[in-house]
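The next block holds one structure in the form of structure tokens; read it before the comments.
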Amino acid sequence: MERLQEKIINEGRVLSPSVIKVDSFLNHQIDPILMKEIGEEFARLFADDGITKVLTLESSGIAPAQMTALSLGVPVIFARKRKSLTLRDHLYTSKVHSFTKQEINEISVSKDYLSSEDRVLILDDFLANGQAAKGLIDLVEQAGASVAGLAIVIEKGFQEGGQLLRRQGIRVESLATITSLVNDTITFKKEEAP
Ligand code: 5GP
């Protein structure tokens with residue numbers, strides 16, 4: 001997605017050869033017009049997959065997931081990273097190692113909102129080593145629901161998550177794939193011709 005790539009080049013800050021900061025439009029301040037375009041693109045890619053729910057992880061996945069769910073006409077669920085007072089039992093839970101925070105989070109979703117009838121599109125802001133995606137897939141499988149695929153805003157293609165998930169036969173659609181962040185230079189995978 002060209003506009004997303006431009007935004008990453010113009011506003012992204014390379015923090016290290018493996019981490020990029022995009023706080024100005026995705027992870028802190030949010031660009032709603034870009035989120036709308038992202039949502040429409042994911043909705044187009046998964047239009048024929050019978051999606052009934054979009055599932056993401058709080059907090060940075062919520063904005064693009066919300067716009068995708070709006071375009072698909074289905075609800076969005078965000079898995080919580082902490083158990084809240086109102087959400088303690090009756091949960092599907094999974095453990096996720098956070099790439100950016102280097103800690104283990106227990107993620108959870110209420111059993112009220114995922115069932116074996118659901119066909120779920122999993123969405124996240126970044127794909128690095130695939131731990132967040134694996135945890136979300138685990139929640140969907142615990143519910144007996146099916147995974148339609150993975151919608152990723154920014155994939156870091158030099159980390160193993162994308163390859164691992166695709167090898168498992170999971171459809172992964174990324175709107176921008178970064179192949180390198182070495183020397184403070186952002187390099188993208190070339191988009192395939194339509
Ligand atoms: P994974 O679980 O695939 O290793 O990492 C994905 C999660 O880590 C995403 O939910 C995202 O929040 C965070 N993440 C991974 N790499 C980056 C990065 O380079 N920049 C930012 N801002 N977040 C990242």
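Each ligand, and each atom within it, is numbered from 1 in the order the structure gives.
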Run the salt bridge (Lys or Arg N to Asp or Glu O under 4.0 Å) test on Arg44 and Glu41 for me, step by step, so that the C-alpha distance in whole Å, both residues' side-chain angles and the decisive distance to 0.1 Å come before the verdict. CA-CA 5 Å; Arg44 188 186 68 76; Glu41 181 61 5; 2.8 Å; yes
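Ligand-side atoms of ligand 1 in range of Thr100: 13 (C), 14 (N), 17 (C), 23 (N), 24 (C), range being under 4.0 angstrom from any heavy atom. Residue-ligand proximity, Asp124 to ligand 1, at heavy-atom distances under 4.0 Å covers atoms 9 (C), 10 (O). Shown in contact with Gln131 at under 4.0 Å from a heavy atom are these atoms of ligand 1, numbered in order with element: 1 (P), 2 (O), 3 (O), 4 (O).
When only interatomic distances are considered, the shortest N/O to N/O separation between His97 and ligand 1 does not fall below 3.5 Å. For ligand 1, the polar-atom distance check finds no N/O of Ala133 at less than 3.5 Å from any of the ligand's N/O atoms. By the 3.5 Å distance cut-off applied to N or O atoms, Lys156 is counted among the residues near ligand 1. Note: an N/O pair closer than 3.5 Å links Ala132 and ligand 1 by distance alone. The distance criterion of under 3.5 Å between nitrogen or oxygen atoms is not met by Leu57 with respect to ligand 1.
The shortest heavy-atom contact between Leu139 and Tyr92 is CD2-O, 3.4 Å.
In this structure, Asn129 contributes its side chain and Gln131 its backbone to no donor-acceptor pair below 3.5 Å.
Geometric assessment of Lys53 against the ring of Tyr113 yields a negative cation-pi assignment under the 6.0 Å and 45° thresholds.
Residues Ser146 and Arg119 have side chains that bring a donor and an acceptor to within less than 3.5 angstrom of each other. For Ser98 and Asn105, the side-chain atoms include no donor-acceptor pair closer than 3.5 Å. Neither side chain, Ser24 nor Gln29, offers a donor N or O lying under 3.5 Å from an acceptor on the other.
Annotation: atom 8 (O) of ligand 1 to nearest protein heavy atom, Phe99 CB, 4.0 Å. Looking only at heavy atoms of the protein, atom 20 (N) of ligand 1 is closest to Ile20 O, 2.7 Å. When only non-hydrogen protein atoms are considered, atom 5 (O) of ligand 1 lies nearest to Ala128 CB, 3.6 Å. Regarding atom 6 (C) of ligand 1, its nearest protein heavy-atom neighbour is Phe126 O, 3.5 Å. Looking only at protein heavy atoms, the nearest one to atom 22 (N) of ligand 1 is Asn27 OD1, 2.9 Å.
Using a 4.0 Å cut-off between heavy atoms, Asn129 contacts ligand 1 through both its backbone and its side chain. Of all the heavy atoms of Asp125, the ones lying under 4.0 Å from any atom of ligand 1 belong exclusively to the side chain. Heavy atoms of Val19 found under 4.0 angstrom from ligand 1 belong to the backbone as well as the side chain.
Of the candidates Asn27, Ile154, Val22, Thr56, Asp125 forms a side chain to side chain contact (heavy atoms under 4.5 Å, CB included) with just one, namely Asn27.
Using a cutoff of 4.0 Å between basic side-chain nitrogens and carboxylate oxygens, Glu106 and Lys95 are scored as salt-bridged. Remark: Arg13 does not engage Asp184 in a salt bridge, criterion side-chain N to carboxylate O under 4.0 Å. Between Arg166 and Glu155 a salt bridge is recorded (basic side-chain N to carboxylate O distance below 4.0 Å).
Heavy atoms of Gly161 come nearer than 4.0 angstrom to ligand 1 in no pair at all.
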